[in-house]
Amino acid sequence: MVAGLRLPFHDPLAIAGIAIYVFFIIVAIFAPQIATHHPTEILFTDDFQLAGDLRPGAGEFLMGTTTLGRDVFSQLVWGSRSALLIGLTAAFVVALIGSIIGVVAGYFGGWVDTILMRLADVAFGIPFLPFVIVLAAFLEPSIWNVVFAMALILWRDTGRVIRSQTLTLRNRAYVEAARISGSSDLKIILRHVVPNILPLSFLYGSIAIGWAILTEASISFLGFGDPNSISWGYMLQDAYASQALSKRAYYWFVPPGVCIILIVSAGFFISRGYEKILFPKLDR
Amino acid sequence: MKAITAIGSRVLQTVFVLWAVVTILFLLFRLMPGNPMAAYIDPNFTPEQQDALMARFGLDRPLWEQYFVYLGNLLKGDLGESFFYRTPVAERVLALLPNTLILTFSSLIVAYIFGVLAGAYLAWTRGSRVEQVAVPLVLTTRAMPEFWLGMLLLAFFSFTLGWFPAGGTRSPGAEFESYWALYTSRDFLVHLTLPVLTLAIYSQGLPLLLMRSNMLDVMKEDFVTMARIKGLSPFSVVIRHAARNALLPVMTSFAIAVGYQIQGNVVVETVFSWPGLGRELVRAVSASDYPLAQGAFLMIAVVVILMNLLADLLYALLDPRVTRE
């Protein structure tokens, strides 16, 4: 019954995904200890020159420095904090809103269902990234804009899937029995519906983590991010704007991308683990 | 008859969604903080001049009246005037649309040809070493930030090897008699290669995984077993029987993919300075050119909504069970 609360430990890929998460969580918690410098401090070499565009291994800089003389390694370490923060909150919010809307629409049906599903249609008609750009431009720059935009739009996928799952549950014999024996709707939902849709919520939640991190990276890259928080997207924007490409400063823009790929694909790997719990017959 | 009703209600739903998105867009751009004319009004204007401008754009009227003016103008194809270019937004947006569509369709065609072939191959070689490496690898390409992939390709093929130009649609100084001459020129294709490659690498995962899982489903079905029993070669079974049936859902996903791709184009167009709708949207938002931003957004939304409709209609057409129910 509580299959959804279990982590998918039976699947090698899912285990790899969980391991990647554990690694980044540890890095994020101990960022101040791991980082060798302050991520935004402008650094100077021993002979009082700006330590700008230094290659990796030059002096004390493990992964080199940015054009403005900031330590790439330290930015990378601190970036894990905003990535996890945005990813996990957005995933939680999206899965929660999507599940509530899906369960309410599927369980009550009728006009409630009609209204909620027409809302989902509208959400599917809004181009997501352009919407985040416009929203981020109008609101104060903050990492929470991405979470807010995701909460407004991306519940649509989760909502639809959970609705159809709830529809099949609603007519099961034990739900019928509970209703006849006088259980309230709330009680039926909490006891019989929610436990059964939880694995689906987790599945969509683990995909949403990746979406959130990718979206934050895109928004920061386009210059609509929070200038005061160091994220991997910010690092990439800084590198692009500082001509790191023509300087062939691979040490600067490759690591943030690799970190994003690692953490986003970890979410995908875990979601495949949940798929195997949900649809054991598939087993692919 | 039922099919026609189903299609009719789906088309009505599309009209409703279009209206809703247009309304949300109106509210989004009108209710934002600050004077929408701030970027347009010169600080040297007298208050009378400012009022005249507000009146010209209808901004002195109540919100509901503005809304109906806006809807009426939209129906006439009038998207307002760009603050920055001082030209009609519709003109500018329509001029940029081909660039975005060319980028989107060429990258998706490349992605789908590769994805379908590779997906069929992976289903055929199920359980092999290749498959065990390939599936996580494909998932990884879905996890890449598209713009980062673009940056990598740009740094390597353009700045390190010097094989491709760093951005734009044509070399500086290159003139063409017509759009057709531009789009068919070698110069344009050279500029198109890296952005298309970037988007194609990102997009191939969807058709690949879909094709693979459909193939696995189809290969379990009776008619495939039958073909096997008849003694047909494995290749013939896979290509002539399984692949053909697995292909249909992949084809309907193409329309959905166009809708998704056109949103993702925003970042890739920016990386490659590709003059399309996405890059224009970013520039217009940064410059507070609201009419232009609104127009570009609307154009992208229309493509997304129409592609959703097309996908549903194709799906109904190819799988009669959907409409017959």
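Since this is a predicted model, take the numbers as computed values, not measurements. Chain A is the first sequence line, chain B the second, and so forth, proteins listed ahead of strands; every chain is numbered from 1.
No other option in A:G267, A:P130, A:S265 has as many heavy-atom pairs under 4.5 Å with chain B as A:P130. In terms of heavy-atom pairs under 4.5 Å with chain B, the best-connected choice from A:L214, A:I126, A:I219 is A:L214. With respect to chain A, the highest number of heavy-atom pairs below 4.5 Å among B:P136, B:G259, B:G278, B:A143 belongs to B:A143. Per-residue counts of heavy-atom pairs under 4.5 Å with chain A were compared for B:V302, B:V304, B:V285; the largest is that of B:V285. With chain B as the partner, the residue from A:D121, A:I213, A:I263 showing the most heavy-atom pairs under 4.5 Å is A:D121.
Of the candidates A:I86, A:V94, A:T215, A:V147 forms a side chain to side chain contact (heavy atoms under 4.5 Å, CB included) with just one, namely A:I86.
Both the backbone and the side chain of B:A301 come within less than 4.5 Å of a heavy atom in chain A. Interface residue B:L139: backbone and side-chain heavy atoms are both found under 4.5 Å from chain A. Looking at B:V282, the atoms closer than 4.5 Å to chain A (heavy atoms on both sides) sit in the backbone and in the side chain alike. Heavy-atom distances place the side chain of A:L13, and not its backbone, under 4.5 Å from chain B. B:E146 does not touch chain A: none of its heavy atoms, backbone or side chain, sits under 4.5 Å away. Interface remark: B:S286 contributes backbone and side-chain atoms alike to the contact with chain A (heavy atom separation under 4.5 Å). Looking at A:L135, only its side chain comes within 4.5 Å of chain B, counting heavy atoms on both sides. Neither the backbone nor the side chain of B:L306 has a heavy atom closer than 4.5 Å to any heavy atom of chain A. Heavy atoms closer than 4.5 Å to chain A are found in the side chain of B:V135, but not in its backbone. Residue A:F131 touches chain B through both its backbone and its side chain, counting heavy-atom pairs closer than 4.5 Å.
No side-chain heavy atom of B:T198 sits less than 4.5 Å from a side-chain heavy atom of B:Y202.
Between the side chain of B:W148 and the backbone N or O of A:L236, no donor-acceptor pair lies under 3.5 Å. With hydrogens and angles ignored, the 3.5 Å screen pairs no side-chain donor or acceptor of B:E269 with any backbone N or O of B:V266.
Nearest heavy-atom pair across B:W274 and B:R279 is O-CD, 3.4 Å. Shortest non-hydrogen contact noted between A:A90 and A:M150 is CB-SD, 3.7 Å.
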| request: Using the side-chain hydrogen bond (donor to acceptor under 3.5 Å, both in side chains) rule, take B:T141 and B:Q204 through it: C-alpha gap first, then chi angles, then the decisive distance, then the call. | output: CA-CA 9 Å; B:T141 62; B:Q204 46 76 37; 3.1 Å; yes
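Annotation: the span from A:R163 atom CZ to A:T168 atom OG1 amounts to 11.5 Å, rounded to 0.5 Å.
By the 4.0 Å N-to-carboxylate-O rule, B:R92 lies too far from B:D289 to be salt-bridged with it.
More than 12 heavy-atom neighbours from other residues, nucleotides or ligands sit within 6.0 angstrom of CZ on A:F124.
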